[in-house]
Q: 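Please see the structure below; I have some questions.
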Amino acid sequence: MIMQYRKDKNGNEISVLGYGCMRFTKEGGHADIDKAEKEVMAAIDAGVNYLDTAYVYAGNEAAVGEILARNHCRERIYLATKLPHYLIKSVEGAQKMFEEELRRLQTDYIDYYLMHMLTDLPTWEKLKKLGMEDWIREKKASGEIRNIGFSSGGIQYGNKIIVRIPITVNFYGYDWDFCQIQYNYMDEHSQAGVEGLRYAHARGIPVIIMEPLRGGRLVNLLPESAKELFAQDEEHRTPAELALKWLYDQPEVTCVLSGMNSMEMGEQNVRTASEYGVGCMTESDRALVEAVRQEITKHVKVGCTGCGYCMPCPRGVDIPGTFRCYNAMYSEGKKSGRRDYLQCTAFRKNPASASQCVG
């Protein structure tokens with residue numbers, strides 16, 4: 001198996017499969033470092049060179065730092081982590097968090113640094129007023145940050161704005177090096193969607209994909225009728241394989257993150273990343289994706305396509321985002337839908353909850 005790579009703006013070759021470090025196995029409330037070490041190093045040895053973590057992933061930055069230090073392999077990988085801008089009130093606060101991240105990760109630089117959950121332009125404007133642009137420039141000039149970007153896992157309308165304006169025409173004064181979006185065959189036309197993906201790629205912005213399996217929900221929480229489609233599949237495709245293959249088929253995708261927490265999962269995902277690339281989807285693959293998508297859609301309560309034509313709401317309600325989360329309660333479970341809804345409303349500078357509706 002030979003890992004495939006795609007280039008970023010600077011010509012760096014990033015493995016098409018990235019290691020999402022949020023879902024390390026827990027032991028006694030903490031990451032099981034010994035187990036995670038075996039899994040991470042097996043992936044690195046197989047060619048995975050992009051590791052993604054974040055300040056708010058409890059214990060995970062420290063675990064990643066320990067794994068890299070034990071194996072003396074910091075220079076073999078590109079390290080990505082994130083600043084929880086929603087927790088800071090000053091540049092000094094950002095600096096304090098950044099220094100803590102460097103200590104946790106046992107490094108003196110970050111290859112890919114993200115503004116975590118940047119979901120709307122007012123939030124970016126607020127950060128600019130705090131002086132974050134100058135702080136970012138200083139960090140890039142010193143080499144402590146090599147590439148700056150943002151992750152955006154919120155709702156569609158906000159994501160479309162943040163993707164289209166800051167990273168394209170530099171309208172708000174910053175030229176992003178990369179971005180990270182939630183994208184999978186069920187989110188093709190919601191959130192940033194395929195439109196945002198292609199828009200960013202057309203302007204030379206690498207796109208990192210998170211939640212390719214919707215946190216495993218396109219595998220473990222599929223409706224029974226969808227699981228039956230895979231059980232009867234004569235080509236013996238698995239849910240994870242098909243979902244990842246769907247992404248690798250698209251040239252606009254730079255890297256797909258997977259939260260691997262078993263050797264078997266890592267081996268399967270490495271195999272998929274090695275075998276499939278642009279143009280790999282067959283008519284049979286597309287038919288199966290569509291059939292599975294239809295089975296999932298049958299559980300949808302509100303027929304919202306996420307087009308955003310109903311926006312902006314004069315009361316600030318994120319209408320498509322609310323409908324998406326409401327539907328998720330029935331297709332993926334109440335806990336999942338409510339968690340997504342909390343993220344879509346709580347991580348925004350201006351409230352966007354459905355309770356603001358007056359109609």
Q: Write down the atom of Leu51, the atom of Leu68, and the distance for their closest heavy-atom approach.
A: CD2-CD2, 4.3 Å

Q: Salt bridge or not between Arg146 and Asp8? Use side-chain N to carboxylate O under 4.0 Å.
A: no

Q: Going by the angle between their ring planes, with limits at 30° and 60°, are Tyr112 and Tyr50 parallel, tilted or perpendicular?
A: tilted

Q: So which pairs with a foot in residues 73-87 pass salt bridge (charged side-chain N to carboxylate O under 4.0 Å, His left out), sequence neighbours left out?
A: Asp45-Arg76, Asp52-Lys82, Arg74-Asp111

Q: What pairs meet the salt bridge (charged side-chain N to carboxylate O under 4.0 Å, His left out) rule with one or both residues in residues 257-276, with sequence neighbours excluded?
A: none

Q: Ignoring hydrogens and angles, state whether a donor on the side chain of Tyr113 or Glu144 is under 3.5 Å from an acceptor on the partner side chain.
A: no

Q: Classify the angle between the aromatic ring planes of Trp135 and Phe98 as parallel (below 30°), tilted (30 to 60°) or perpendicular (above 60°).
A: perpendicular

Q: Can a side-chain donor-acceptor contact be found between Asp285 and Thr282 if the only test is distance below 3.5 angstrom?
A: yes

Q: What pairs of residues pass the ring-ring contact (aromatic ring centres under 6.0 Å, His included) test when at least one of them lies in residues 206-230, not counting sequence neighbours?
A: none

Q: With a 3.5 Å cut-off and sequence neighbours excluded, list the donor-acceptor pairs that the side chains of residues 219-228 form with protein atoms.
A:
unit_1	atom_1	unit_2	atom_2	d
Ser225	OG	Glu295	OE1	2.7
Lys227	NZ	Asn220	O	3.4
Glu228	OE2	Gln232	NE2	2.8

Q: Could you work out, with salt bridge (Lys or Arg N to Asp or Glu O under 4.0 Å) as the rule, every residue matching Asp32, not counting sequence neighbours?
A: none

Q: So which pairs with a foot in residues 178-190 pass salt bridge (charged side-chain N to carboxylate O under 4.0 Å, His left out), sequence neighbours left out?
A: Asp187-Arg214, Glu188-Arg293

Q: Looking at residues at least two apart in the chain, or sitting in another chain, which of them share a salt bridge (Lys or Arg N to Asp or Glu O under 4.0 Å) with Glu101?
A: none

Q: Rounded to the nearest 0.5 Å, how far apart are CD1 of Ile2 and OG of Ser274?
A: 8.0 Å

Q: Once you round to the nearest 0.5 Å, how far does OG1 of Thr123 lie from CG of Asn350?
A: 7.0 Å

Q: Look up atom CG in Leu288 and atom NZ in Lys245, then write down how far apart they are to the nearest 0.5 Å.
A: 10.0 Å

Q: Before we go on, tell me: are the rings of Trp124 and Phe150 under 6.0 Å apart, centre to centre?
A: no

Q: Atom CD1 of Ile148 and atom CE of Met132: how far apart are they, to the nearest 0.5 Å?
A: 7.0 Å

Q: Looking at every heavy atom in both Pro239 and Leu218, which two are closest together, and how far apart are they?
A: CB-O, 3.5 Å

Q: Give me each pair satisfying ring-ring contact (aromatic ring centres under 6.0 Å, His included) with a member in residues 231-252, each pair once, sequence neighbours excluded.
A: Tyr183-Trp246

Q: Counting heavy atoms not belonging to Glu290, are there more than 12 under 6.0 Å from its CD?
A: yes

Q: Arg338: what forms a side chain to side chain donor-acceptor pair (under 3.5 Å) with it, not counting sequence neighbours?
A: none

Q: Would you name the heavy atoms of Ala243 and Pro212 that are closest together and state the gap between them?
A: CB-O, 4.1 Å

Q: For salt bridge (charged side-chain N to carboxylate O under 4.0 Å, His left out), just list the numbers for Glu211 and Arg23, CA-CA rounded to whole Å, side-chain angles, deciding distance to a tenth of an Å, and then say yes or no.
A: CA-CA 12 Å; Glu211 303 295 354; Arg23 294 186 172 88; 3.7 Å; yes

Q: How far does SG of Cys255 sit from CG of Leu17, to the nearest 0.5 angstrom?
A: 7.0 Å

Q: Side chains of Asn49 and Ser15: donor-acceptor distance under 3.5 Å anywhere?
A: yes

Q: Just jot down the side chain to side chain donor-acceptor pair (under 3.5 Å) partners of Thr297, sequence neighbours excluded, or say none.
A: none

Q: Apply side chain to side chain donor-acceptor pair (under 3.5 Å) to Glu100 and list each qualifying residue two or more places apart in sequence or on a separate chain.
A: Tyr55, Arg104

Q: Are Glu61 and Thr81 linked by a side-chain donor-acceptor pair shorter than 3.5 Å?
A: yes

Q: Could you go through the side-chain contact (heavy atoms from CB on, under 4.5 Å) check for Leu242 and Asp233 one step at a time?
A: CA-CA 12 Å; Leu242 187 67; Asp233 179 32; over 6 Å; no

Q: Start with the C-alpha gap between His189 and Val194, add the side-chain angles, then the distance that decides, and say whether side-chain contact (heavy atoms from CB on, under 4.5 Å) holds.
A: CA-CA 6 Å; His189 300 292; Val194 66; 4.0 Å; yes

Q: Atom CD1 of Ile136 and atom NZ of Lys128: how far apart are they, to the nearest 0.5 Å?
A: 11.0 Å

Q: Taking C-beta and beyond as the side chain, do Leu114 and His116 meet within less than 4.5 Å on heavy atoms?
A: no

Q: Residues in side chain to side chain donor-acceptor pair (under 3.5 Å) with Tyr19, at least two apart?
A: none

